[in-house]
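Residue numbers start from 1 in every chain, and the chains themselves are labelled A, B, ... in the order their sequence lines are given, proteins ahead of strands.
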Amino acid sequence: MKRTRRSLRLVLAALLGVLLLTACGRNMFDQPRVDAFDASPFFADGSGMRPIPEGTVSRERGALEPAYLTGMGPQGFLTELPIDLDVDVLLRGKERYDIYCAPCHNYNGDGRGMVVQRGFPQPVSFVDTQRLLDAPVGYYYNAITNGFGRMFSYASRVRPEDRWAISAYVKALQLSQNASVSDVPADVLSQLTQTEAAR
Amino acid sequence: MPNYFPPNSNSFVTWLAWGGGIFALLLIVGLPFYARMNNNRVGVPVEQPVDFQHNLHVTQVGLDCRYCHTTVETSNTASVPPTETCMTCHSQLRVDTPQLQAVVASWESGAPIAWNRVHDMPDYVFFNHSAHVNNGVGCSSCHGRVDQMAGMWKNEPMTMGWCLECHRAPEKFLRPASEVFNMAYSPLADPIAQETLGATLVEAYHIDTDKLIQCSTCHR
């Protein structure tokens, strides 16, 4: 009788001990769902994320003019920027240009970026080639969107509004790279000479 | 009144107290140790199907983080670049090298490269990259000097306690927007200057410091 009681107590203690282990497990850590970039055996290509079907229109971004999205109107490349131009657009354009374009086209547009220095075929400089200096802003938007020659399309990496900002900045770069000292406004010029003297 | 408990049940209570104490001690000491051992492989390079070198691409070629991690400013995830991004340059450069074989094979077949995850957040944690980089948390604050890494490893333990170090005192770690992608910048370099700068940045980014330490900020 005594023996049964003892073993009963042991079993009870063991059962209580098991309760302490209930929180141990990784099923909350790895819940049965597909996270971004997870693999999934559900789809034939093994990827959990799905490619966007061709022709998909983003509802979030609203309906946009085909000319805005392609850089081309009925008369060919757009010659006017379809967004309001201010200094913020140009600064955004510079930032995005320096990230996505400068590796090949270089920060000044001469086409001798670091990737080119390492063996990528050199793109034509768009700051001293007359054909490209004359090209309208839509031409640059179109090149970013669809790629050009060996350059891949950047449509999946750079949003349309940023592509327009970059195109505007490219036009600004063409002006600045071909400007002379006499083009600089007087008040800015004094700043420049001061900086130069400070060196 | 009959005796429901035998006399030796008194010692049972003592044993239970001792056993429980030792068990609790083991849990307290062992669990964090176990957790760190398994999840927080800080500084241990994760093997990858392609021997990609961040230091070469960032320091030598000069690519910005965002050239490849395109959605870091707009999305939860920073994005692992698709093979297309590699091939933008490597359709022309070093195409026939053994290092690029897996990339070219992926490009030709269309099957994505199966990169191994370096940072695996628990599924009960909500994390958003854009919320951090748009509010003054720099890449290198969490990921370390990726521009100097040949392989890729976790630079910080990514435990809740580590997250809270910053969520409890964001002013110690915030940077001006212009320095978020600057890998060489460190808010910890000059703690005295950071003290005044941090306080103004918390205001400038409109950071609600009470909200930062609420459970539902990360566990939703």
[X] portion near chain A, given a 4.5 angstrom heavy-atom threshold:
X      : value
B/T88  : both
B/T85  : both
B/N76  : neither
B/F181 : neither
B/T74  : side chain

Q) Of all of B/D120, B/D64, B/D123, B/V80, which one pairs up most often with chain A through heavy atoms under 4.5 Å apart? A) B/D123

Q. Any ion pair linking A/D35 and B/R117 (charged N to carboxylate O, less than 4.0 Å)?
A. no

(Q) One thing to verify: whether A/R96 and B/E73 come together as a salt bridge, which I'm taking to mean a side-chain N less than 4.0 angstrom from a carboxylate O. (A) yes

Q: Kindly give the heavy-atom pair with the smallest separation between B/V95 and B/H90, and that separation in Å.
A: CG2-O, 3.2 Å

Does the side chain of [Y] come within less than 4.5 Å of [X]'s, by heavy atoms?
X      : Y      : result
B/F52  : B/M152 : no
A/V124 : A/L132 : yes
A/D30  : B/P122 : no

So for [X], is it side chain, backbone, both, or neither that comes closer than 4.5 Å to the heavy atoms of chain B?
X     : answer
A/E95 : side chain
A/D38 : both
A/A39 : neither

Q.
If only side-chain N and O atoms count, and only distance matters, is there a donor-acceptor pair under 3.5 Å linking A/R163 with A/T145?
A.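 The answer is yes; a qualifying pair exists.
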
Q: For each of A/C104, A/A44, A/P121, tally heavy-atom pairs with chain B at distances under 4.5 Å, and name the one with the top tally.
A: A/P121

